[in-house]
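Working notes for the structure below.
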Amino acid sequence: MNSVLADKKTVLILLGPALLCYTLVKLVPVVWSFGLSFFEGNMRGFDFVGLGNFAALFSDAELGAAILFSLKYSVVMTVGQVLLGYLLALFYVFILRRSSAFVRAIIFFPTVLPTVAVALLFTRLFEVAPQTGPINAGLNLFGMSSIDWLSQPDTSFLVIVIMELWGSMGFFAVLLYAGLLDIPEELLESARIDGANGLQLVRRIILPLSAPVLLSAVIFSFNGTLKVFDSVFALTNGGPGTSTQPLTLYMYKTTFSFQDYGYGSTLAVVLTVICLVVTLVIFGPARRDRTEA
C-alpha cells in the first residue's frame with residue numbers, strides 16, 4: 001500500500017476523477033459567482049460596476065433582516081438538532097441497546113422524505129381554513145380558538161422549526177449514536193463499579209469522550225441551517241411579508257425573480273463568507289484546545 005501511495009502517477013489517477021468533479025461542481029461555480037458580483041444585469045447583458053454591488057449591501061435593509069433571520073434560525077435549529085439528537089443517541093445506546101435498530105429506522109425515516117411533501121403535510125396539520133387542521137382541532141377541543149399559524153411571524157417561525165426538527169433529528173441521532181459507540185464499554189463499567197450514577201457517567205465520561213463528534217454535529221448543523229432554502233420556500237415562501245425569509249431565499253428571489261444576477265451573486269458571496277466565519281469561530285478554539293491538550 002505504501003509503495004502504491006508513493007507513486008505520484010497512481011495517486012493522480014486515483015484522485016484525478018474526484019478532484020475534477022469537485023472542481024467542476026464546486027469550485028468553478030464559486031469562482032463564476034464571485035466574478036458576476038462585479039457586474040449587474042441578466043442574461044440579456046451585463047454591465048461592469050466594480051464594487052457597486054458590495055457597496056449596495058450596506059444600504060439594503062432587506063439583507064439585514066434576512067441575515068438576522070438566518071442566524072436566529074441557525075442558532076435555534078443547531079441547539080434543537082444537536083440536543084435532541086444527543087438525547088436520542090443516549091437513549092439508543094444505554095436504554096434500548098441492541099434492540100434500537102427498529103426505533104432508529106422509524107425516527108430516521110422523516111429525513112428521507114421529500115421536503116415539499118413534508119411542507120404540505122405540515123401545512124395541513126396547522127391549517128385554519130378552509131378546513132381545520134389537527135392542531136387547531138386539538139385547540140378547539142380544549143376550548144381554545146383556532147390560530148392562523150402561517151399568517152404571523154412568530155408562529156410561522158415556530159412551525160418551520162418544528163417541521164425541520166421533526167425531519168432532521170433522526171439524522172443527528174444516528175450521527176451522534178455512531179460517536180457514542182466508540183466509547184469503550186470497559187471504561188463505563190469501571191465507572192459503574194466505582195459507584196458512578198447515570199448523570200455522573202454522562203457528565204464525567206460520555207460528554208468529554210463524545211466532544212469531537214458533538215463539535216462536528218454543531219458545525220454541520222449550523223452551516224446546513226444557514227443555507228436553509230427548500231423547506232422555507234415550500235412552507236411559507238418567506239412570509240408573511242419577508243418575516244421568515246432567509247438569506248438563501250432572498251438570494252434566489254433577487255437572482256431569478258428580479259433577474260439581477262450580479263447582486264444575487266454578491267449575496268451568495270456574503271453567505272459563503274458567513275459560513276466560513278462561523279466554521280472558523282466554532283472550530284478554531286476547539287482545535288487549539290486539543291492541540292494544547
Side-chain angles (χ1 to χ4, degrees), residues 1-54 56-57 63 66-67 70-71 74 77-78 81 111-112 114-116 168 171-172 174-175 178 212-213 215-233 246-284 286-287 290-291:
M1 178 61 72
N2 291 333
S3 61
V4 172
L5 295 179
D7 187 348
K8 294 183 179 180
K9 290 184 178 180
T10 304
V11 172
L12 182 62
I13 292 173
L14 293 174
L15 294 181
L19 289 175
L20 179 62
C21 289
Y22 182 82
T23 301
L24 293 176
V25 175
K26 291 287 187 178
L27 298 183
V28 170
V30 169
V31 174
W32 186 267
S33 181
F34 182 72
L36 280 178
S37 65
F38 296 98
F39 294 82
E40 67 175 4
N42 49 45
M43 299 305 294
R44 289 176 293 181
F46 291 91
D47 296 317
F48 181 76
V49 294
L51 298 176
N53 286 325
F54 291 95
L57 295 174
L63 170 63
I67 292 177
S70 296
L71 293 175
S74 294
M77 285 299 302
T78 299
Q81 287 175 337
T111 305
V112 301
T115 303
V116 175
S168 62
F171 170 80
F172 284 90
V174 171
L175 176 67
V213 71
L215 177 64
S216 299
V218 169
I219 294 174
F220 191 85
S221 175
F222 206 102
N223 273 318
T225 51
L226 268 177
K227 295 177 285 189
V228 64
F229 173 77
D230 49 356
S231 55
V232 176
F233 181 74
L247 183 54
T248 50
L249 184 56
Y250 180 40
M251 176 181 66
Y252 169 82
K253 290 180 177 179
T254 300
T255 305
F256 298 106
S257 297
F258 305 132
Q259 296 289 299
D260 190 348
Y261 289 89
Y263 194 64
S265 296
T266 308
L267 296 175
V269 173
V270 171
L271 178 61
T272 302
V273 171
I274 292 175
C275 290
L276 178 61
V277 170
V278 167
T279 301
L280 293 176
V281 167
I282 296 174
F283 188 68
R287 182 179 182 182
R290 289 201 302 272
T291 303

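Quick caveat: nothing in here was measured; it's all calculated off a predicted structure. Counting from 1, the numbers follow the sequence of the chain as shown.
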Quick one: list whatever passes side chain to side chain donor-acceptor pair (under 3.5 Å) with Thr255, sequence neighbours left out.
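Per chain and number, Thr255 pairs via side chain to side chain donor-acceptor pair (under 3.5 Å) with no residue.
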
List the residues meeting side chain to side chain donor-acceptor pair (under 3.5 Å) with Ser37, not counting sequence neighbours, and say none if there are none.
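Ser37: no side chain to side chain donor-acceptor pair (under 3.5 Å) contacts found.
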
Residues in ring-ring contact (aromatic ring centres under 6.0 Å, His included) contact with Phe222, at least two apart in sequence or another chain
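Partners of Phe222 under the ring-ring contact (aromatic ring centres under 6.0 Å, His included) test: none.
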
When rounded to the nearest 0.5 angstrom, what distance separates [atom1] in [X] from [atom2] in [Y]?
X: Phe229; Y: Tyr252; atom1: CZ; atom2: OH; value: 5.5 Å
X: Ser168; Y: Leu175; atom1: OG; atom2: CG; value: 11.5 Å
X: Leu249; Y: Asp230; atom1: CG; atom2: CG; value: 10.5 Å
X: Phe233; Y: Thr115; atom1: CZ; atom2: OG1; value: 12.0 Å

Run the side-chain donor-acceptor check on residues 257-270: report pairs under 3.5 Å with partners two or more places apart or on a different chain.
| unit_1 | atom_1 | unit_2 | atom_2 | d |
| --- | --- | --- | --- | --- |
| Gln259 | NE2 | Phe256 | O | 3.0 |
| Asp260 | OD1 | Tyr263 | N | 3.3 |
| Tyr263 | OH | Asp60 | OD2 | 2.6 |
| Ser265 | OG | Tyr261 | O | 2.8 |
| Thr266 | OG1 | Gly262 | O | 2.9 |

So, using side chain to side chain contact (heavy atoms under 4.5 Å, CB included) as the criterion, who are the partners of Leu15 when residues are at least two apart?
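Counting only residues at least two positions away or on another chain, Leu15 forms a side chain to side chain contact (heavy atoms under 4.5 Å, CB included) with Val11, Leu19.
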
Parallel, tilted or perpendicular, judged at 30° and 60°: which one describes the rings of Phe38 and Phe48?
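Aromatic pair Phe38/Phe48 classed parallel.
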
Indicate yes or no for a side-chain donor-acceptor contact from Thr78 to the backbone of Ser74 under 3.5 Å, with no hydrogens or angles considered.
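Yes, because the side chain of Thr78 sits within donor-acceptor range (under 3.5 Å) of the backbone of Ser74.
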
Got a donor-acceptor contact below 3.5 angstrom from the Ser33 side chain to the Pro29 backbone?
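No, because the side chain of Ser33 does not come within donor-acceptor range (under 3.5 Å) of the backbone of Pro29.
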
Any pair counted as side chain to side chain donor-acceptor pair (under 3.5 Å), so long as it reaches residues 11-26, sequence neighbours left out:
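The answer is none; no pair qualifies.
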
Check Cys275 against Leu226 and note the closest heavy-atom contact, atom names and distance.
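Looking at all heavy atoms of both residues, the shortest contact is SG-CD1, 4.1 Å.
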
Could you please spell out the steps behind the side chain to side chain contact (heavy atoms under 4.5 Å, CB included) verdict for Gln81 and Thr225?
CA-CA 10 Å; Gln81 287 175 337; Thr225 51; 3.9 Å; yes

Leu63/Leu247 under side chain to side chain contact (heavy atoms under 4.5 Å, CB included): CA gap, chis, key distance, verdict:
CA-CA 7 Å; Leu63 170 63; Leu247 183 54; 3.5 Å; yes

